[in-house]
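Below is one structure, written out as structure tokens, with a few remarks after it.
Just so you know, these numbers come straight off a predicted model, no measurement behind them. Chain letters run A, B, ... following the sequence lines, proteins first, then strands; residues in each count from 1.
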Amino acid sequence: MPDAMEPRYDHTKLEGEIYARWEKSGFFNPDVCVEKGVTDKDAEPFSLSLPPPNVTGTLHIGHAFEDAIQDIMVRYQRMRGRRTLWVPGTDHAAIATQAKVEGMLYKEEKKTKYDLGREEFLRRVENFAQESHDTIVKQVRRMGTSLDWSREAYTFDEKRSFAVRAAFEKMYDAGLIYRGARIVNWDPKLKTTVSDDEIAWKEEPAPFYYLKYGPFVIATARPETKFGDKYVVMHPNDKRYKKYKHGDTLKLEWINGSVTATIIKDDVIDMEFGTGVMTITPWHDATDFGIAERHKLDKEQIIDFDGKLLPIAGEFAGIYITKARPLIVEKLRAKGLLEKVDEKYLHRVATNSRGGGLIEPQIKMQWWVDVNKPFAMGESSLKGIPKGSRATLKELMRKVVKSGQVKIVPERFAKIYFHWINNLHDWCISRQLWYGHRIPVWYCLACGGKADKKMGFAGDVVPQVFDRKTRTYRLRDHGFTVGDRVAFENSATGELFGYGTMTEIAKTTVAEIDLKDPKHWKTYEAREQLIAAFKRHYPEKDIRSDTPVWLYTYVFDQTIKKSDGIRVNPEIKSRWFLVRHGETDSVKNNTVDGWQDTPLNETGLAQAEKHAEGMRGKKIDLIISSDLKRCKETAEIFARTTGAKIIYDPDLRERNWGALEGIPKSERDLHHQDASYSYHGKPERGESFADVEDRSWNAFQKYLKLYADKNVVFSIHGGPIRLIMGKLRKWSFEEVLRYYPPVSEMVALDISAPCAQCKGEIYEQDPDTFDTWFSSGTWTFSTLGWPEKTKDLATYHPNSFMAPGYEILFLWVARMILMSGCLLGQIPFKIAYLHGIVRDIEGRKFSKSLGNGIDPLELANTYGADAVRMALVVGAAPGNDLKFAESKVAGYRNFATKIWNASRFVLMNKPASASAKAGNLTAKDKAHIAHAQKMKKAVGAHIEKFEFHLAAEKAYHYFWHTFADKIIEEYKPLLKGDSGVAQVRAYRVLETILLDSLKMLHPFMPFVTEAVYEKFLPKKMLMVEEW
RNA sequence: GCGCCCUUAGCUCAGUGGUAGAGCGUCACAUUGACAUUGUGAAGGCCGCAGGCUCGAUCCCUGCAGGGCGCACCA
């Protein structure tokens, strides 16, 4: 007797067993298929990469949908005999993951990431990601996906990280990546930049203020940005303002006093809008930035990176903009500058779609991918862009789709894609996040890759030599001449800001210098300095208050030369860490502690342990420590973890404060200022800063000569650290005093080959990380081993098929095309099948906040994964959203039962003897069988045309309403009849059709079909049967 | 502003230059059946509106209305 079938199909039991059997068979791996002879070794390859789910997420209905589509294609192609590879993996999703862990950290421990420090925070993220990974991978399996798990990848694993670094280097060398200060989307909440495509726009009703700006009326929804506005812009053809000429200046009363405004004519202005006149805020608005760039106007920061107003806002400085706005409006009203308010205005507000805050445009030094710069194509199989030709990334992205080499399904998305390319700007790829691929750029610590001449500006970039806070200094000793290459940095933070070439332009007057200075600045002095500078350059001219002043300006130069002390992927000889000892009671009580031999207290011991934890895996060879007790104890703790030897060196001791040891710091600072704040000042019986710098720097240099190839940890004091850092960075003594070595972090120094510019050997890596889409852009080929020339890469790239959701067409699909195109000269995939969004029955997206979530796993447990897959596929046309209801799943659960029962009926009638005579098939028998084969073919044709919904429906109908309802009924009398031969014949016909039907249903409902198939052919596996 | 799409049965949606389709729902009847998850049948549609091309339009074209979405340099 054949195996009997249970009266009911029990998916809960069978689906798990069957998946385990598939995995054990190894047939998910095309190499095994070839090895075991189920696939021809020369068979045409068919490949795809799973859009990697976020490692910290859980499987939602959208994944289930996406995975079902791909699995249908994969199973079909595998059964068709192709060497089919579907690569699984997960995504580290930098910003989303970091935000999630930050959220948990705050909720559970009331801590921020800064409390933990970068290292410790990243360890937490990694742990969380690892746990989470196991969950989601299990969930992906649950849906029946036939992924080759032996090739599983992670966007943040070693191989993928290597690929990302290689990608950056290659694009940098090709001139496609540059560093430059440009306007960015800044998220003050997550404290990072965000790319244009990650912005979500919201429309909000907001009051629209009409303000009197001298003779003009300007309209704005954001009065808080207007403090620095000194350019008033109008259309050149606007007759109303004909009497104002470009470059004219006029004095007028503004928020915090009198200002001089300059007339600018630009045709970006819409004469119809508002009053046809506007003032500009180039630092905080992309349009205004564009105008300022075109006309070489000043740019000034009004809002800081926390979202608070800067000193330029006068009495409003330090206030968050949302709070300041009504106050500012009140002041404007009081001064009579508020003309009217339009309450019904709809304002478009940018928000960070990754759960961040309100976007505030800022100018910031970032890394960019230039989409408009032609580059030389290397090896290329791209149509229309042969090897050696030149193209821009925009052209590349456009051409491969236009030529049909990459086909976007459904086609209408190609139009959207082109439209997007037309409006595309350079892609900002750096993020100020901790979790993610670190940008593989190292800066020489001494010269920072900066140009020879350095320029500091208190308020970030103010393109003139003339700086608001330190202008006198600037004008006295700048020593620049036109054409000099200079670096600009924020003198408060030391942040490198931009590179440029000095030029000169005339656009202000001596008088203006007075007028625009708030009282507390040394206006008179500044003016005198300016005049002096002017005289130096134009000795023959008279100076009057209305004399135009030629100020130095620079033009941004957005590329950086490698020789400028910037290294991409350098070979790091060794890593050195400067660690400050932990807390002592003196530190805690704020008393002076120099050579006193105080031990660590409990907190201090814990801090040392935490650092030691961070040293695991860093292969520390040597510990060099001050011989004072607090450092000694710290070093010993490090030694326990790392096993490294300790060298004690009294030259690395803290400053000897002599007579001042043990007194409160406040007293020291107040009564011994010379010792506290001057370089050479010396307390009685103690040392000066100069003395300490001398001995500790010499010691450091000595060790650098001895141990440049070893990984070294310095367990030392705050004093030597800041002095050594000061020497390394060539700081002034004032800068040294401003720097406090962090207790929560180790200062990491990387030793590499000497800098071409200044011979320094010590580098530090860019602290920023990549936009997560920069790494996901490499997904189709980094998963196959690129940049190595692997067999997988040669065989399976480009991918045959890719099935992401249309919502990531720009974020991901376009970026894969870009990166694959410029790095490999290949398309990433032949087909981009874009699926829609699964929505609830009211058409809303599923979301946690709405509480309308449907858990696909719960559904799979209730109805079976097969039913869930069918419910998702049927009725989902390419690119269309799918409204989804549980009742649909129930319907397909019924279908699974139908398959089981119909098969069970056929099996019940199986002849006892395999050799039982069936007689000849009748014409009708043959017609039924032929029809079934025709249907199978039709189903296959639909799949090949990406009409999965039609394919599924066709297979469904055939089985239920033709095979079960008609054919089985037709043959029932024969089966029940007296003729043994006819019985056998009837069985043979039904079995033939059934097995074919199972094949055509298998891609859609793999579990139940596999379960049934083996009842008939116990030695076979339907998954690899021939279609 | 530029662009893409949708409007078909009560609901959710397919679809085609020639009599209009599915699932769910509704109604009637049948059912100790391989099927408690079944079967047979029925009702239900000026295929958004108005023009045009065509022998023929739900489908192609134009316009309009309503809805959705993408992009943008909407002060």
Counting the atoms with a prime plus P, OP1 and OP2 as sugar-phosphate, which does [X] contact under 4.0 Å by heavy atoms, base, sugar-phosphate, or nothing?
X      : answer
A:H949 : sugar-phosphate
A:H347 : nothing
A:V906 : nothing
A:A896 : nothing
A:K415 : sugar-phosphate
A:K976 : sugar-phosphate
A:D288 : nothing
A:F810 : sugar-phosphate

Check: Parallel, tilted or perpendicular for A:F273 and A:Y345, by the 30°/60° rule?
Finding: perpendicular
Notebook entry, point to check: In which stems does RNA chain B show up, taking only runs of three or more Watson-Crick or G-U wobble pairs whose two distances fall under 3.5 Å?
Noted result: B:1-7 with B:65-71, B:10-13 with B:21-24, B:26-30 with B:38-42, B:48-52 with B:60-64
Respond yes when some side-chain nitrogen or oxygen of [X] is under 4.0 Å from OP1 or OP2 of [N], and no when none is.
X      : N      : value
A:N880 : B:rA14 : yes
A:H425 : B:rA72 : no
A:N894 : B:rU38 : yes
A:K883 : B:rC13 : yes

Notebook entry, point to check: Just how far, in rounded Å, is C1' of B:rA34 from NZ of A:K972?
Noted result: 7 Å
Notebook entry, point to check: Are any non-hydrogen side-chain atoms of A:L332 and A:Y209 less than 4.5 angstrom apart?
Noted result: no
Notebook entry, point to check: Taking only residues at least two apart or on different chains, which pairs with a member in residues 883-892 of chain A satisfy side-chain hydrogen bond (donor to acceptor under 3.5 Å, both in side chains)?
Noted result: A:Y863-A:E886
Notebook entry, point to check: For A:E411, does the CD atom have more than 12 heavy-atom neighbours from other residues, nucleotides or ligands under 6.0 Å away?
Noted result: no
Notebook entry, point to check: Counting only heavy atoms not in A:E6, do more than 12 sit closer than 6.0 Å to its CD atom?
Noted result: no
Check: Would a line drawn from the ring center of A:Y958 to the ring center of A:F963 be shorter than 6.0 Å?
Finding: no
Notebook entry, point to check: C1' atom, B:rA22 versus B:rA57: distance in rounded Å?
Noted result: 23 Å
Next item on the list: Measure distances between side-chain N and O atoms of A:E969 and base N and O atoms of B:rA34, and say whether any donor-acceptor pair falls under 3.5 Å.
Entry: yes
Notebook entry, point to check: Per the atom types in the model, does the base of B:rC35 pair as donor or acceptor with the side chain of A:K898 at under 3.5 Å?
Noted result: yes
